[in-house]
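To keep things clear, I will list the structure first and then write my remarks on it.
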Amino acid sequence: MNNFTYYAPTKVVFGRGTEAQAGALVKEFGGTKVLLHYGGGSAERTGLLGKVRKSLEEAGIAYVELGGVVPNPHLSLVYEGIELCRKEGVDFLLPVGGGSVIDSAKAIGYGIANGGDVWDFYDRKRVPSSCMPLGAIVTIAAAGSEMSDSSVITKEEGGIKRGCNNNACRAKFAIMNPELTMTLPAYQTACGCADILMHTMERYLNHCDNMELTDSLAEGLMRTVIHNALILTDHPDNYEARAEIMWASSLSHNGLTGCGTDGGDWSCHRMEHEIGGMFDVAHGAGLTAIWGSWARYVYKENPGRFEQFVTRVLGVEPQADQDATIRKGIEAMEDFYRAIGMPTCMQELGVDPTPEQIELMAEKCSIAFNDNLGVVKVLHKADMAAIYRMAAGMERVEA
Ligand code: NZQ
Ligand code: ZN
């Protein structure tokens, strides 16, 4: 087991009706004037924003509002939020929504607390030293931003989607009411489940073979997500399944399932961010569209780890040889994705990139990560392009 620091400072308030505690929680963490930040309309339509406003008013917390966050949140709205917060004297951020809204709030928080151009932090030119405090009210179980150290923003000009990881942006509190996720379209529920799975898969598929507890936690989480994601495809109103998925979303990305690893292999995430930046697809669907191609491309670098994954998590019976077991496991994973309505290639994602677009995505990803991506197999630009081509059906790698 490698040395590690586990830092999970977020107070979790979980369960039915917990959004009513928003005002009291802001007060507890010292907020006096809040930016209520939200997306394109779902939080208003469901009545959630009304409840949050009431809770803030009852606690004597003043607030201003900024809606309009889009999936793959835009830098321009972040700039707008920074200006608004400065003008209004906001001292606490309250995103109500999913990863996009929470990430947008984190970026606003960086911008206010550090000055200068906030994009520098996403462009890796500077490292933020602080962030305005925030608390999150989660409406979709997916990105896990409510407990993560991450924020992902898209600069519209050039379609550049980049993440910034820093402990300063960890939320002070997260309100998680699984009932709030019942209004999600089935596709978004499934995208969320895919993303949750991937956050632990990418920590799990690495080069560390000597972990018992971290592996057990990760395997238990992944089995739980697969089991409950399938329940939700037929029974979207099942509270218990919603609750399991929601709790998994936070634990999958707060660092717990990566303690003691080598940091994990984030290739699929980084490569998906290029797809999202160029084609504006839902993040979870972008991930499943390339995972199988990535897995087939890299598994021979650490077959033991992949075999452990497919037998313990997917329940694949050992085949004639290790290779066959892994190949069957990759197919089983893709069967699961299809069963919850997720794509397993670019065409199913609704994207048909040209060879030039594939080269451009590989080049942008390569530049962003110094032509050195992942740990199972270190990917260079040509490898990334090959994986994109496989996912687009232009190239086949025989496993
Ligand atoms: O905008 P509204 O109208 O609210 O609609 C949203 C949006 O269209 C809708 N939605 C959310 N809650 C709903 C609802 N619709 C009905 N009922 C509800 N209760 O769902 C759509 C997707 O929302 P979004 O916030 O984009 O989803 P998600 O949580 O998957 O966030 C995706 C973003 O997070 C980034 C992704 O790259 C992407 O930009 N990530 C952030 C991470 C982090 N900060 O730790 C890690 C992830 O790996 C990921 O990269
Ligand atoms: Zn993700």
Apply side chain to side chain donor-acceptor pair (under 3.5 Å) to the pair H207 and D262, showing each step before the final yes or no. CA-CA 7 Å; H207 272 300; D262 53 13; 5.9 Å; no
Could you go step by step and tell me if E219 and Y204 meet the side chain to side chain donor-acceptor pair (under 3.5 Å) rule? CA-CA 9 Å; E219 290 156 6; Y204 183 89; 2.6 Å; yes
Please determine whether side chain to side chain donor-acceptor pair (under 3.5 Å) holds for the pair E240 and N228, giving the CA-CA distance in whole Å, both sets of side-chain angles, and the decisive distance to 0.1 Å. CA-CA 9 Å; E240 293 304 324; N228 288 284; over 6 Å; no
CA sep, side-chain torsions, deciding dist, call: S366, H380, side chain to side chain donor-acceptor pair (under 3.5 Å): CA-CA 7 Å; S366 159; H380 307 296; over 6 Å; no
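We find that K172 and E28 are not joined by a salt bridge, their nearest charged nitrogen and carboxylate oxygen being 4.0 Å or further apart. Between K328 and E317 there is no salt bridge, since no side-chain nitrogen of the basic residue lies less than 4.0 Å from a carboxylate oxygen of the acidic one. Taking a cutoff of 4.0 Å between a charged side-chain nitrogen and a carboxylate oxygen, E88 and K33 qualify as a salt bridge.
Inspection of the N206 and D265 side chains reveals no N or O donor paired with an N or O acceptor under 3.5 Å. Judged by distance alone, the side chains of T224 and E244 never bring a donor and an acceptor atom under 3.5 Å apart. For the residue pair D103/S145, the side-chain donor-acceptor check at 3.5 Å is satisfied. Side chain to side chain, S293 and R389 fail the donor-acceptor criterion of an N or O pair below 3.5 Å. Checking T183 against T46 by side-chain atom types alone, no donor-acceptor pair falls below 3.5 Å. A donor-acceptor contact closer than 3.5 angstrom is absent between the side chains of E307 and Y299. Side-chain contact of T32 with D91: a donor-acceptor pair under 3.5 Å is present, judged by distance alone. Judged purely by distance below 3.5 Å, without hydrogens or angles, the side chains of E146 and N254 never pair a donor atom with an acceptor atom. Side-chain contact annotation: N165 with D149, donor-acceptor N/O pair under 3.5 Å present.
Annotation: side chain of H273 is not in contact with side chain of N72 (no heavy-atom distance under 4.5 Å). With contacts defined as side-chain heavy-atom distances shorter than 4.5 Å, the pair R296/I330 qualifies. Looking only at side-chain heavy atoms (C-beta outward), P353 and Y388 stay at 4.5 Å or farther from each other. Looking at F336 and L197, their side chains come closer than 4.5 Å, going by heavy atoms from C-beta outward. When side chains are defined from C-beta on, L35 counts as touching L66, because their heavy atoms get closer than 4.5 Å. The shortest distance between side-chain heavy atoms of T311 and T325 falls below 4.5 Å.
Relative to the ring axis of Y110, R126 does not place its NZ or CZ within 45° and under 6.0 Å from the centre.
Checked against L221 for a side chain to side chain contact (heavy atoms under 4.5 Å, CB included), the options L256, I226, T200 give a single hit: T200. Among M346, M361, E274, the one residue that satisfies the side chain to side chain contact (heavy atoms under 4.5 Å, CB included) test with F279 is M361.
Of all heavy-atom pairs spanning G135 and P95, the tightest one is O-CD, 2.9 Å. The two atoms that bring T288 and P343 nearest to each other are OG1-O, 2.7 Å, heavy atoms only.
Within the 6.0 Å centre-distance limit, the rings of H253 and W266 are counted as a close aromatic pair.
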